[in-house]
2 protein chains.
Amino acid sequence: MALSSADRPSDQSSRPARLLTGSVEDELEHLILTGALRPGERLHEIQLSTRFGISRGPLREATRSLQAKGLVEVIPNRGVFVRSVTPGEALEIYDVRAAIFGLAGRLLTDLVNDTMLSRMHAFLEDMDAAAAKNDFEGYYRLNLAFHDFLILGTRNKTLAEEYNTLVNKLHLCRAQSLVTAGGLSVSNHEHREMVDSVASGNRERAQAAFFRHVERSKDRFRSTVTDLA
Amino acid sequence: MALSSADRPSDQSSRPARLLTGSVEDELEHLILTGALRPGERLHEIQLSTRFGISRGPLREATRSLQAKGLVEVIPNRGVFVRSVTPGEALEIYDVRAAIFGLAGRLLTDLVNDTMLSRMHAFLEDMDAAAAKNDFEGYYRLNLAFHDFLILGTRNKTLAEEYNTLVNKLHLCRAQSLVTAGGLSVSNHEHREMVDSVASGNRERAQAAFFRHVERSKDRFRSTVTDLA
DNA sequence: CCGTATTTGTCCGTATGTATG
DNA sequence: ACATACATACGGACAAATACG
């Protein structure tokens with residue numbers, strides 16, 4: 001039985017045509033990342049399947065996919081649980097994230113133009129304004145948008161995907177919530193250093209600046225963790 | 001019906017107890033990475049389920065997991081296909097791999113001891129010997145083992161996992177096969193530079209050396225690709 | 001330690017929609 | 001337009017492992 005007839009997936013005619021599995025997976029991922037499903041909590045098969053109005057098949061496929069993404073943990077004959085990231089793992093993740101973010105700075109330096117630079121400066125000013133008004137909420141959103149802009153600017157989809165995966169995993173660390181609040185104008189000084197490095201056209205300098213930015217986040221995280229311990 | 005009763009997955013009593021899904025997934029992954037299933041080739045549901053002697057359920061779960069790992073591509077209502085990595089994507093992956101490998105060098109510098117350094121030197125000598133005898137096969141295996149040793153030496157599981165994922169994806173690029181053959185004693189000079197950097201205790205230098213090593217592989221890959229185009 | 005209930009893992013049959021020739 | 005093949009999803013079923021009293 002030759003399985004040869006090498007059909008090649010034709011890229012054209014790309015209609016969305018979402019699969020149930022994918023929809024449920026997105027839904028679960030959203031529940032996990034927003035904290036509606038907390039780390040360690042169980043994903044009850046029949047409970048969830050009835051809640052979503054689907055059968056167990058697609059649900060199991062979705063959870064297996066989430067397992068591969070590192071968002072849940074499957075224990076044979078026990079069930080599926082939201083993965084909980086220990087502080088130690090979080091430190092590991094911070095390092096990998098720093099390396100990838102450093103690469104982003106390096107790649108950006110070679111791609112950046114005046115339009116992007118002015119947008120980056122606009123981000124800096126907006127964040128300064130938010131910090132001056134002690135607008136934590138606004139600063140948080142601007143900070144996220146700024147980082148997304150930088151990551152997207154590299155035009156490297158692999159990098160963006162990997163970076164998002166790591167950031168998501170960090171959300172699964174309970175102690176993490178404390179860190180995101182801290183920083184503010186402290187980290188905006190680092191942001192300015194990053195932008196200046198990119199503008200200077202010096203690849204290595206930009207890479208180091210981006211790398212250090214995440215490492216400092218890691219240090220802030222570590223200090224809060226060790227304080228608790 | 002409160003879903004509160006927060007069962008926490010107890011870490012103890014960790015028996016293997018493989019699930020069918022996991023076994024099939026490993027089997028398929030092996031078939032893909034060894035080239036038995038080539039990029040673009042289709043994974044026929046009923047065909048594979050009968051071949052493995054299982055039902056379609058676990059098989060579908062396995063393929064969704066492989067999709068999340070980036071090894072296969074699922075096209076709704078069409079089927080599952082082995083993902084084919086374009087040369088452009090391969091270049092992206094090389095950059096991310098370089099960043100992560102650079103981090104490995106940095107982390108190794110802070111962890112390395114005399115035992116590890118002597119093992120690294122042993123690797124260098126063995127690879128020199130293999131290169132002198134034009135023993136491509138032996139050099140290839142030693143090279144893999146050397147890189148594994150370095151990655152494992154960082155004691156960072158997130159890094160190791162991410163690195164392996166990227167290397168696996170590179171195998172899905174057809175043009176890639178040409179590159180792995182090239183190098184030999186050329187790259188062993190780079191290896192020596194890496195080990196020396198780690199031994200020097202200079203984090204930044206080691207990180208840069210490890211980063212450059214992968215970037216040079218990328219350059220070799222790019223030149224072979226552009227030659228074909 | 002035992003017996004029962006619950007849940008997972010797996011299989012099967014089947015209906016429906018979609019792609020392909 | 002038709003027929004075939006196939007992926008998708010559903011529902012039922014049962015064994016095995018686990019959890020609980």
Side-chain angles (χ1 to χ4, degrees), chain A residues 1-28 37 40-68 72-83, chain B residues 1-28 37 40-68 72-83:
Chain A
M1 51 175 77
L3 45 89
S4 50
S5 70
D7 304 60
R8 202 60 87 293
S10 53
D11 287 354
Q12 65 225 16
S13 85
S14 56
R15 215 185 329 159
R18 298 301 313 278
L19 250 34
L20 239 192
T21 302
S23 309
V24 178
E25 183 183 337
D26 290 348
E27 184 73 23
L28 287 176
L37 289 171
E41 200 166 341
R42 180 167 169 202
L43 277 70
H44 201 281
E45 256 189 34
I46 16 195
Q47 205 169 85
L48 287 177
S49 60
T50 54
R51 182 206 281 196
F52 290 135
I54 63 174
S55 65
R56 289 197 299 153
L59 184 82
R60 285 178 63 87
E61 295 174 21
T63 55
R64 263 38 191 213
S65 185
L66 290 176
Q67 177 189 24
V72 302
E73 184 183 4
V74 174
I75 302 182
N77 299 319
R78 292 275 313 274
V80 182
F81 303 84
V82 179
R83 177 151 173 232
Chain B
M1 52 176 76
L3 44 89
S4 49
S5 70
D7 304 61
R8 203 57 89 294
S10 54
D11 287 354
Q12 65 225 16
S13 86
S14 55
R15 219 187 327 157
R18 297 302 312 277
L19 251 32
L20 243 189
T21 302
S23 310
V24 179
E25 183 183 338
D26 290 347
E27 184 74 22
L28 286 176
L37 288 171
E41 200 167 339
R42 181 167 169 199
L43 278 71
H44 201 281
E45 249 187 41
I46 17 192
Q47 209 168 82
L48 287 177
S49 60
T50 55
R51 182 206 281 197
F52 290 135
I54 62 174
S55 69
R56 300 201 300 280
L59 184 80
R60 285 179 65 86
E61 295 173 19
T63 54
R64 300 304 143 136
S65 186
L66 291 175
Q67 177 189 23
V72 302
E73 183 183 4
V74 174
I75 302 181
N77 300 319
R78 292 274 314 273
V80 182
F81 303 84
V82 179
R83 178 153 171 230

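Values in this document were obtained by computation on a predicted structure and should not be read as measured data. Proteins get letters first, then strands, A, B, ... in listed order; numbering begins at 1 in each.
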Close side-chain approach of [X] and [Y], heavy atoms under 4.5 Å:
X	Y	result
A:Q67	B:T21	no
B:V24	B:L48	no
A:V72	A:L37	no
A:E61	A:L19	no

Which nucleotide in the list [options] gets nearest to the side chain of [X]?
X	options	answer
B:H44	C:dT8, D:dA9, D:dA7	D:dA7
A:R60	C:dC11, C:dG9, D:dA9	C:dG9
A:N77	D:dT18, C:dT20, D:dA9	D:dT18

Contact under 4.0 Å: [X] side-chain N or O vs [N] OP1/OP2:
X	N	result
A:T21	D:dA9	yes
A:R42	C:dT8	yes
B:R18	C:dG9	no
A:R78	D:dA19	yes

Next on the checklist: Applying the Watson-Crick and G-U wobble criteria at under 3.5 Å, what pairs with D:dA1? Answer none if nothing qualifies.
Outcome noted: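 Per the H-bond distance test, none.
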
Checklist entry - What is the base-pairing partner of C:dT7, counting Watson-Crick and G-U wobble geometry with both distances under 3.5 Å? => result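 For C:dT7, the partner nucleotide comes out as D:dA16, under the 3.5 Å rule.
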
Send over the distance from [X] [atom1] to [N] [atom2], rounded to a whole Å.
X	N	atom1	atom2	value
A:R56	C:dG9	CZ	P	9 Å
B:L19	C:dT7	CG	P	18 Å
A:I54	C:dA15	CD1	P	22 Å
B:E61	C:dT10	CD	C1'	9 Å
B:I46	D:dT8	CD1	P	11 Å
A:F52	D:dC10	CZ	P	13 Å
A:L59	D:dA9	CG	P	12 Å
B:L43	D:dT8	CG	P	12 Å

Checklist entry - Reckon B:E45 touches a base, only the sugar-phosphate, or nothing at all at heavy-atom distances under 4.0 Å? => result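 Answer is base: heavy atoms of B:E45 come under 4.0 Å of a base.
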
Item to check | Heavy-atom donor-acceptor pair, A:S65 side chain to A:A62 backbone, under 3.5 Å | outcome: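 No, A:S65 side chain to A:A62 backbone: no donor-acceptor pair under 3.5 Å.
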
